[in-house]
J.: 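To start, I am sharing the structure in question, which I have written as structure tokens.
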Amino acid sequence: MAEGQWKRWDAVARLGAGKLTLQEAARVLRLSVRQVRRIRRAVERAGRAGLCHGNAGQVPVNKLRAAVRTRILRLRRTKYRDFNDAHFTEKLAEERPPLRVSVRTVRRVLRTGGVPPCVGGGHRSIGVVATARRRPG
């Protein structure tokens, strides 16, 4: 358990033993009396597990599946090797079946998969001639 959960466990135990009132437990935990009652009920029902968040251990709904990650990495290492991240993401949407993911997601998958950013191109800098023409003269 985390430190905050231990504090809650201790406060509920002292509350049950009569060493703390609801108001004192609320002050110690920096919660409202209502929340202390809720925590106490959860501990009575489930024990220490009642202190854990309900979503603990659950897989996020929006998590990218391992098969999709593998497909993105395989396509980038073979068919689309010289593409930058944004262009590669556009090409993924044209694949069959299409992969519709954001550039940010693709970039994260590629970097964690060991694929370095595509080097080349870049933005052109403004030349001396272009800045000279803009100056009033």
Side-chain angles (χ1 to χ4, degrees):
M1 281 197 290
E3 183 181 343
Q5 291 172 331
W6 279 114
K7 279 185 176 180
R8 289 178 177 201
W9 179 258
D10 180 53
V12 169
R14 292 189 340 201
L15 191 63
K19 295 180 181 174
L20 278 180
T21 65
L22 274 171
Q23 288 76 16
E24 290 169 342
R27 207 172 313 116
V28 167
L29 295 174
R30 294 184 179 186
L31 296 172
S32 66
V33 172
R34 178 178 172 274
Q35 293 301 316
V36 174
R37 281 193 200 117
R38 182 186 60 78
I39 291 168
R40 185 173 61 178
R41 275 195 310 271
V43 169
E44 287 170 359
R45 277 191 219 124
R48 287 188 182 173
L51 294 173
C52 295
H53 193 278
N55 285 346
Q58 298 291 319
V59 177
V61 176
N62 58 350
K63 183 178 180 185
L64 210 59
R65 293 190 323 270
V68 175
R69 289 176 184 271
T70 306
R71 185 172 169 214
I72 289 171
L73 288 167
R74 183 176 39 80
L75 284 169
R76 177 60 184 273
R77 287 181 176 141
T78 57
K79 189 174 177 182
Y80 299 110
R81 185 174 20 180
D82 294 330
F83 284 53
N84 68 29
D85 297 338
H87 192 196
F88 175 58
T89 303
E90 292 172 9
K91 290 298 183 181
L92 287 176
E94 297 171 8
E95 280 289 313
R96 294 288 164 232
L99 282 171
R100 288 186 176 80
V101 290
S102 68
V103 176
R104 198 171 187 173
T105 299
V106 168
R107 190 169 290 141
R108 188 179 64 245
V109 168
L110 293 175
R111 297 308 166 266
T112 57
V115 178
C118 184
V119 179
H123 297 287
R124 294 182 186 173
S125 60
I126 297 175
V128 175
V129 176
T131 54
R133 264 190 261 140
R134 274 192 256 145
R135 284 194 202 120

J.: Tell me if a side-chain donor or acceptor on Q5 pairs with a main-chain N or O of A2 at a distance below 3.5 Å.
T.: yes
J.: Could you pull out all residues at least two apart from Q23 that satisfy side chain to side chain contact (heavy atoms under 4.5 Å, CB included)?
T.: T21, R27, V33
J.: Might you point out which heavy atoms bring R76 and D85 nearest each other, and give the distance in Å?
T.: NH1-OD1, 3.0 Å
J.: Any side-chain heavy-atom pair from P117 and R107 closer than 4.5 angstrom?
T.: no
J.: If you take all heavy atoms of A25 and V36, which pair is closest and at what distance?
T.: CB-CG1, 4.0 Å
J.: Could you tell me which non-hydrogen atom of L20 sits nearest to which non-hydrogen atom of L15, and how far apart they are?
T.: O-CD1, 3.2 Å
J.: Using modelled atom types only, decide if a donor and an acceptor are shared between the side chain of N55 and the backbone of Q58 within a distance under 3.5 Å.
T.: no
J.: Quick check: closest heavy atoms across L64 and R69, and the distance to 0.1 Å?
T.: O-NE, 3.6 Å
J.: Under 4.5 Å between any side-chain heavy atoms of D10 and V28, yes or no?
T.: no
J.: What do the steps show when you test V101 against V109 for side chain to side chain contact (heavy atoms under 4.5 Å, CB included), and what is the final call?
T.: CA-CA 11 Å; V101 290; V109 168; over 6 Å; no
J.: Looking only at heavy atoms, what is the nearest atom pair of K63 and V59, with distance?
T.: CD-CG1, 4.0 Å
J.: Can you name the residues that form a side chain to side chain contact (heavy atoms under 4.5 Å, CB included) with R71, not counting sequence neighbours?
T.: R74, L75, E95, P97, L99
J.: Would you say that more than 12 heavy atoms from the other residues, nucleotides or ligands in this model lie under 6.0 Å from the CD of E3, or not?
T.: no
J.: To the nearest 0.5 angstrom, please state how far the CZ atom of R34 sits from the CZ atom of R37.
T.: 9.5 Å
J.: Sorted by first residue and then second, give each ring pair (Phe, Tyr, Trp, His ring centres under 6.0 Å) pair with at least one member in residues 24-80; sequence neighbours left out.
T.: Y80-F83, Y80-F88
J.: When you measure from the side chain of R14 to the backbone of G18, do you find a donor-acceptor pair of N or O atoms at a distance under 3.5 Å?
T.: no
J.: Specify the closest pair of heavy atoms between V103 and T89, including all atoms of both residues, with the distance to one decimal.
T.: CA-OG1, 3.7 Å
J.: To the nearest 0.5 Å, tell me how far L92 CG sits from T105 OG1.
T.: 11.0 Å
J.: Applying salt bridge (Lys or Arg N to Asp or Glu O under 4.0 Å) to E94 and K91, what does each step give before you reach the verdict?
T.: CA-CA 5 Å; E94 297 171 8; K91 290 298 183 181; 3.4 Å; yes
J.: Measuring from atom CD1 of I39 to atom CZ of R8, what distance do you get when rounded to the nearest 0.5 angstrom?
T.: 3.5 Å
J.: Going from OG on S102 to CZ on R108, what distance comes out if it is rounded to the nearest 0.5 angstrom?
T.: 7.0 Å
J.: Around atom CZ of R77, are there more than 12 heavy atoms from other residues, nucleotides or ligands closer than 6.0 Å?
T.: yes
